[in-house]
Each structure stands twice: as structure tokens, then as C-alpha cells.
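A quick write-up on the structure given underneath.
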Amino acid sequence: MDFNALIAQDNASLEQGLLPAPTLRDDNFSAASCYVPGRAHSLLCGDFYDIVQTEDSTVHVILGDVSGHGAAEAALAIHLRLAWRTAVLCGKTQFEQLRILEKVLIDERADDDTYTTVVSLVFPPGGSSLKVVSAGHPGLLLRSQGEIRWVEPRAGIALGLFPGYEDWTQTDVSLSPRDSVVLFTDGLYEGRTAPSTRLGEEGLLRLAVQHVHLPGQEFIDALVHGAASRAAPFGGLADDIAVLHLGWNSES
């Protein structure tokens, strides 16, 4: 194996080790994911996510999107993901977590214009509710009893745009047994479906309705495949994509 091949192999191993490893303590909660970097020959990108179930059985989730594309954005995303996990394990609230992430973003970003959209979820034990805090992130899909709908929590300002402004609020979402939540970054629906038209949020919802019968992993894989197929004739999906399918398996 030549020197360049060895470097590529080492880089791939390093990136593989930096991919998120969700921590769930039991089988009562299911999490499926799809993570597609926009950069060729890369495993990491500026989109990031993580899932941690703490000792009290609460499930904490983060999904974020660093503005821009490239290795610097991927490195920043790693910093943010690890900072979030540390904050969760230290018992910080959702608002405290976002404050910490914004401080890390400001300290680590190479460009003052770099910002990050983030959505933070907390699934308390019992499976009947969900706490959402959004910093400029898109909405989410709620799968309930064979139907699916778009939920748009109030989105505060993205991290890094106006440091210290902190207009974030918490949205409480009621859940029925076996409801599932689907999170995603905007790369999933920003691909073009015509020269001057993008899939958009409404197009993504229509696509989701077509596949609502599928189980979690197959469902999100179908969303990504469907969005990519529609964008293929018009340049394909150029942005990074991260999608999560989350929910309790039964009443806790």
C-alpha cells in the first residue's frame, strides 16, 4: 500500500471514530439515523447529532447544522457534539446546553459569520410528552397512529448570529403511545425538483405521507432516497443531510 493510501486509510479510521455513538440504556426507546455528508470521500460533515439516555431513563437528543461546507465545518460540528454530550452528562438544562454550544462555537469558528442551527429534544420517562428547544432549526415530523404531520416549534435565533441574545423558548409536544418524531437538517428538502423549484417543506411532507407505513429506518431511508431521486436531474442533493427517527417502543 502506498503512502497516500495509508494516509487515506488513517483519515477514514479517524473519521469513523468521531462519528456519533448514541447511548441508550435499554430497549424501550428506538433511534434510527441516516447521515450523508455532502463532501465526496468523507464520513463527517457540518451536520451533527447525538443521543444520550441518562440514568433516570430520560432521552436527550441534539441535531445541528453548521453553516458552510468543508473540513473546518466538520471539525466544528465535532466540537459542538462533544460539548453537548458533556453538558448533558453534567446535568445541564436545554437552555444551558445551548449557551455552552454558542460559547464553543464562538471560540472555535474560523469565520465570524459562521452560525449553527440546533434543535434540542428531551423525552422524559413515561412517553407522553416531548420538550423541544430550537435555535433557528427547521420543524419536525410527528408520526402518530398511521398519520404524519409537520410540527413547527417556535424557533429562536441560531447560535452565533447574535451571541448572548438567547431568545430560545421551550415547546411542549404531547405524545401518544408509540408516536415517533423525525428530525432532519435542511439539506433533505433543499434539493431542486425543477430548474426554479425546490422540494421544500410541503414536498417533504407529501413524500413522508407516501411512506408512512414503513418502519423507522426504512422510513427515513425512503425519505432520503426520494429527495435524492427528485433532485438528481437538477444537480442532486449538494448539502449535508442528517435524519433521525425517534420514539418510545411502548408505554413506560
Side-chain angles (χ1 to χ4, degrees), residues 8 11-12 15-16 18-20 22 30-50 61-78 81 114-119 134 136-143 146-152 155 158 180-246:
N11 287 341
E15 289 193 59
Q16 187 71 43
L18 292 171
L19 288 170
S30 291
S33 64
C34 185
Y35 186 75
V36 184
R39 293 187 300 141
H41 312 298
S42 178
L43 297 176
L44 295 168
C45 63
D47 289 0
F48 63 96
Y49 72 89
D50 206 351
V61 180
I62 193 78
L63 182 72
D65 182 356
V66 178
S67 63
H69 308 281
E73 289 74 19
L76 181 54
I78 294 168
R81 182 179 68 80
T114 299
Y115 65 91
T116 300
T117 67
V118 168
V119 61
S134 175
H137 204 78
L140 53 88
L141 296 175
L142 179 61
R143 300 183 69 184
E147 298 182 351
I148 191 160
R149 63 186 176 91
W150 189 282
V151 176
E152 193 71 51
S180 299
V181 173
V182 183
L183 301 181
F184 41 84
T185 52
D186 58 10
L188 182 61
Y189 60 81
E190 287 196 335
R192 295 191 180 279
T193 55
S196 59
T197 305
R198 300 183 185 275
L199 179 64
E201 296 176 356
E202 292 184 2
L204 178 61
L205 180 58
R206 289 193 297 270
L207 180 61
V209 169
Q210 294 175 20
H211 300 293
V212 71
H213 61 287
L214 295 175
Q217 187 66 60
E218 293 179 32
F219 175 78
I220 60 175
D221 288 346
L223 289 186
V224 174
H225 176 74
S229 297
R230 286 160 173 77
F234 307 98
L237 297 176
D239 201 357
D240 307 322
I241 298 173
V243 189
L244 297 177
H245 188 281
L246 310 157

How many angstroms lie between atom [atom1] of [X] and atom [atom2] of [Y], to the nearest 0.5 angstrom?
| X | Y | atom1 | atom2 | value |
| --- | --- | --- | --- | --- |
| Leu141 | Leu207 | CG | CG | 9.5 Å |
| Thr197 | Arg230 | OG1 | CZ | 14.0 Å |
| Arg198 | Arg192 | CZ | CZ | 4.0 Å |
| Leu246 | Ser30 | CG | OG | 9.5 Å |
| Glu73 | Phe48 | CD | CZ | 12.5 Å |
| Gln217 | Cys34 | CD | SG | 7.0 Å |

Look at the side chain of His225 and the backbone N and O of Ile220, then say whether any donor-acceptor pair between them is shorter than 3.5 Å. no
Keeping Thr193 on the side-chain end and Ala231 on the backbone end, is there a donor-acceptor pair under 3.5 Å? no
Using every non-hydrogen atom in the two residues, find where [X] and [Y] come nearest and quote the distance to one decimal.
| X | Y | value |
| --- | --- | --- |
| Thr117 | Ala158 | CG2-CB, 4.1 Å |
| Gly191 | Leu237 | CA-CD2, 3.7 Å |
| Val118 | His137 | O-CB, 3.5 Å |
| Gly46 | Ala77 | O-CB, 3.7 Å |
| Glu152 | Pro138 | OE2-C, 4.0 Å |
| Phe234 | Pro195 | CE2-CD, 3.6 Å |

Does OH belonging to Tyr189 count more than 12 external heavy atoms closer than 6.0 Å? yes
Are the side chains of [Y] and [X] in contact, using a 4.5 Å heavy-atom criterion?
| X | Y | value |
| --- | --- | --- |
| Tyr49 | Arg81 | no |
| Val212 | Glu147 | no |
| Val224 | Leu188 | yes |
| Val151 | Arg149 | yes |
| Tyr35 | Val243 | no |

Any donor-acceptor N or O pair under 3.5 Å, side chains Thr185, Asp47: yes
Would you please test Phe184 and Leu204 for side chain to side chain contact (heavy atoms under 4.5 Å, CB included) and show each step? CA-CA 11 Å; Phe184 41 84; Leu204 178 61; 3.9 Å; yes
Would Leu76 and Thr114 count as a side chain to side chain contact (heavy atoms under 4.5 Å, CB included) if you check the C-alpha gap in whole Å, the side-chain angles of each, and the deciding distance to 0.1 Å? CA-CA 10 Å; Leu76 181 54; Thr114 299; 3.9 Å; yes
Assess Arg143 against Phe219: is NZ or CZ under 6.0 Å from the centre of the six-membered ring, and within 45 degrees of the ring's axis? yes
Leu244, Asp50, Leu183 screened by side-chain contact (heavy atoms from CB on, under 4.5 Å) with Ile62, the one that passes: Asp50
